[in-house]
Q: 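Below you'll find the structure I mean.
Just so it is clear: chains get the letters A, B, ... in the order the sequence lines come, proteins before strands, and each one is counted from 1. Side chains are part of it too, since the values below use all heavy atoms of this structure and drop only hydrogens, waters and symmetry mates. Nothing here was measured: the structure is a model prediction, and the numbers come from that model.
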Amino acid sequence: MSSALIADLQARGLVFQIAGEDHLSAWLDGGSRTLYCGFDPTADSLHIGSLVPLLMLRRFQLAGHRPIALVGGATGLIGDPSFKAQERQLNTPDVVAGWVDKLRAQVSRFIDFDAGDNSALVVNNLDWTKDLDVLSFLRDVGKHFSVNAMIQKESVKQRIEREGAGISFTEFTYMILQSYDFAELYHRHGCGLQLGGSDQWGNITGGIDLTRRMHGGQVFGLTMPLITKADGSKFGKTEAGTIWLDPARTSPYSFYQFWLSVADDDVYRFLRYFTFLSVEEIAAIEASDQAREGRPEAQRVLAEEVTRLVHGDDGLAGAQRITESLFSGDPTSLAESDLDQLRLDGLPSSALEEGSLPETLTQLLADCGLASSGKQVKDALQRQAVVVNGAPCGMDDNGAPLTVFAAEKALFGRFHLVRLGKKKYHLFERA
RNA sequence: GGAGGGGUUCCCGAGUGGCCAAAGGGAUCAGACUGUAAAUCUGACGCGCGAGCUUCGGUGGUUCGAAUCCACCCCCCUCCA
């Protein structure tokens, strides 16, 4: 049953490397196994870069295994140097502790804690490192590591070899800490497999070696490929920055929009990575898209599936309401209740006070966050790309916000819906 | 502690006294074409509607004028001890 899992993961392109490949399938087939993946707190929320591993834990759980999500309360204090070009700024312990709490909650939504024998677990590696004293650490753990081997790891090579880089002892030691996690989880929970991104290979194999040396245990590692985009730009970033999993940082609407605008060249691959649709179903979607003229269905399916996974049915419904209101038909023909709903669903909005309007549209629209600077608004104005309640504005209107936002032009006497470009909207409600 | 090499606008990276708000590339934004895609073309890309204002690790200095020269300081890298 579980070698079927590995076969499925391979078909999805989710397997990059396996440590112990010859025996992993047999081990998985031998019963319900325990596995883990770590998430370090580097911010108060995970972003979509962590989505593949999170879903991976779930895939294993659905196949009958027991997933452990490890939150790096300890490793987060050190900073993983793997493939990082530069030493990172340390965060203070109380800040990291706050982030740990947030991540714990976030991670928990993807795995099932009420699944009987294979119920999930969330652990924090600070629990077994905070009382570890230096001498014990150096004698019991450090003694198993060869610096010669550590500096050979590809993940730190550029830091060691590259002119202008460098690595502190603190970050260099990260690998040992993470390795110790694996050994500890093996010891405590019989955990025998660690998942991670392809950048984690060095840390994972370190943990495999340490587990063998400390406990004589044979454990496995599996890495997933780095998510790439066909055009070479970085996955997971947009103009607005990172796509976060926290709805307070990236609204379900923006999240949905992100997936909706995935390039054709990436979308079927992303369906395999980010959804639980079977590879056959995905192939069927691809085939029918190819047979169709015009716009493919895949992006819509992808956006629906992933938004539902991360934000639930309600988040998805809200995102779809906004999308349909704004992109199909005339937004100015919306009912008053629809406009209220848009705001509740998370369409960017703010109050508009006629008495305290800035002197220019450039300033008003930059202030509300629709554009990051007045220059962008100016550029849009010059191209008639700013539309207020359906009426395009030009540079001539820039100095007259009172006219553009006149009370008699408001929808239902309350709303001004501003569009900048094709995709960015902001709703003003008169105060 | 010694010797040498560096720190430029989001990133990479040119720039060694005025022609520098600073080449080029990437990323990003907007327009055209489309399918809220890709590719392509056009424009923007420190801030400001504008006059203009503020930048090139920091602080002082030389000069009519400094990212560029000098002094000191901070940080990073390499080698030596």
Q: At 4.0 Å (heavy atoms only), tell me whether A:Gln382 reaches a base, stays on the sugar-phosphate, or touches nothing.
A: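 Nothing, no heavy atom under 4.0 Å.
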Q: With a non-hydrogen cut-off below 4.0 angstrom, is A:Gly374 in contact with a base, only sugar-phosphate, or nothing?
A: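 Result for A:Gly374 = sugar-phosphate.
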Q: For nucleotides B:A39 and B:C33, find the distance between their C1' atoms and express it as a whole number of Å.
A: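 It works out to 11 Å between them.
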Q: Between A:Asp340 and A:Arg414, does any NZ, NE, NH1 or NH2 come within less than 4.0 Å of an OD or OE carboxylate oxygen?
A: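 So A:Arg414 pairs with A:Asp340 through a salt bridge.
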Q: Choose from B:U34, B:A30, B:C49 the nucleotide whose nearest atom is closest to any side-chain atom of A:Gln363.
A: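 Of the options given, the side chain of A:Gln363 lies nearest B:C49.
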Q: When the P atoms of B:C10 and B:C73 are considered, how many whole Å apart are they?
A: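 Straight-line distance between the two P atoms is 28 Å.
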Q: Distance check: side-chain N/O of A:Ser261 vs OP1/OP2 of B:A37, anything under 4.0 Å?
A: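 No, no such contact exists.
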Q: Take atom P in B:G58 and the same atom in B:U9, then report the distance between them in whole Å.
A: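 Result for the P pair: 10 Å, nearest Å.
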Q: Ignoring hydrogens and angles, does a donor from either the side chain of A:Asp379 or the base of B:G31 sit under 3.5 Å from an acceptor on the other?
A: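 No.
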Q: Please measure how far the P atom in B:C76 lies from the corresponding atom in B:A71, and state the result in whole Å.
A: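 My reading of the P atoms in B:C76 and B:A71 gives 22 Å.
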Q: How do A:Ala385 and A:Thr362 order along RNA chain B: which one's closest nucleotide is nearer the 5' end?
A: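 Mapping each residue to its closest nucleotide by heavy atoms, the 5'-most match is A:Ala385.
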Q: Determine the interatomic distance between P on B:C56 and the same-named atom on B:A22; round to the nearest Å.
A: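 My reading of the P atoms in B:C56 and B:A22 gives 15 Å.
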Q: Of all the nucleotides listed (B:U42, B:G48, B:C49), which has the minimum atom distance to the side chain of A:Arg383?
A: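 Per side-chain heavy atoms of A:Arg383, the pick is B:U42.
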Q: Ignoring the backbone of A:Asp265, work out which of B:A38, B:G31, B:U36 is nearest its side chain.
A: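 Among B:A38, B:G31, B:U36, the one nearest the side chain of A:Asp265 is B:A38.
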Q: Sticking with atom C1', work out how far B:U59 lies from B:U78, rounded to a whole angstrom.
A: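 Each nucleotide's C1' atom is 28 Å from the other's.
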Q: Can you tell me whether the side chain of A:Lys234 and the base of B:U28 have a donor-acceptor pair closer than 3.5 Å?
A: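 Absent.
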Q: B:A37 phosphate, OP1 or OP2: any side-chain N/O from A:Lys423 under 4.0 angstrom?
A: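 Yes, because at least one side-chain N or O of A:Lys423 sits under 4.0 Å from OP1 or OP2 of B:A37.
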Q: Does the ring of A:Phe276 carry A:Arg59 above it, NZ/CZ under 6.0 angstrom from centre and within 45° of its axis?
A: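 Relative to the ring axis of A:Phe276, which defines the angle, A:Arg59 lies inside both limits.
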Q: Answer with yes or no whether A:Gln257 presents, from its side chain, a donor or acceptor under 3.5 Å of a partner atom in the base of B:U36.
A: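 Yes, a donor-acceptor pair under 3.5 Å.
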Q: For A:Val96, is there any backbone N or O sitting under 3.5 Å from a side-chain donor or acceptor partner on A:Asn91?
A: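 Pair absent, no side-chain N/O of A:Asn91 close to backbone of A:Val96.
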Q: One thing to verify: whether A:Arg249 and A:Asp44 come together as a salt bridge, which I'm taking to mean a side-chain N less than 4.0 angstrom from a carboxylate O.
A: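 Counted as a salt bridge, because a side-chain N and a carboxylate O are separated by less than 4.0 Å.
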Q: Find which nucleotide of RNA chain B each of A:Val262 and A:Ser372 is nearest to by heavy atoms, and output the residue with the more 5' nucleotide.
A: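 Per heavy-atom nearest nucleotide, the more 5' residue is A:Val262.
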Q: How is A:Ser373 classified with respect to the nucleic acid when contacts are heavy atoms under 4.0 Å: base, sugar-phosphate, or nothing?
A: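 Sugar-phosphate: the residue A:Ser373, judged by heavy atoms under 4.0 Å, touches backbone atoms but no base.
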Q: One thing to verify: whether A:Arg321 and A:Asp345 come together as a salt bridge, which I'm taking to mean a side-chain N less than 4.0 angstrom from a carboxylate O.
A: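 Yes, A:Asp345 and A:Arg321 are salt-bridged.
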Q: Measuring from the side chain of A:Ala263 (C-beta onward, heavy atoms only), which nucleotide among B:A38, B:C33, B:G35 has the closest atom?
A: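 Among B:A38, B:C33, B:G35, the one nearest the side chain of A:Ala263 is B:A38.
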Q: Under 4.0 angstrom, heavy atoms only, what part of the nucleic acid is A:Gln384 near: base, sugar-phosphate, or nothing?
A: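 Here A:Gln384 touches no strand at all.
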Q: Is any N or O donor-acceptor pair between the side chain of A:Lys378 and the base of B:G48 shorter than 3.5 Å?
A: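 Side chain to base: no pair below 3.5 Å.
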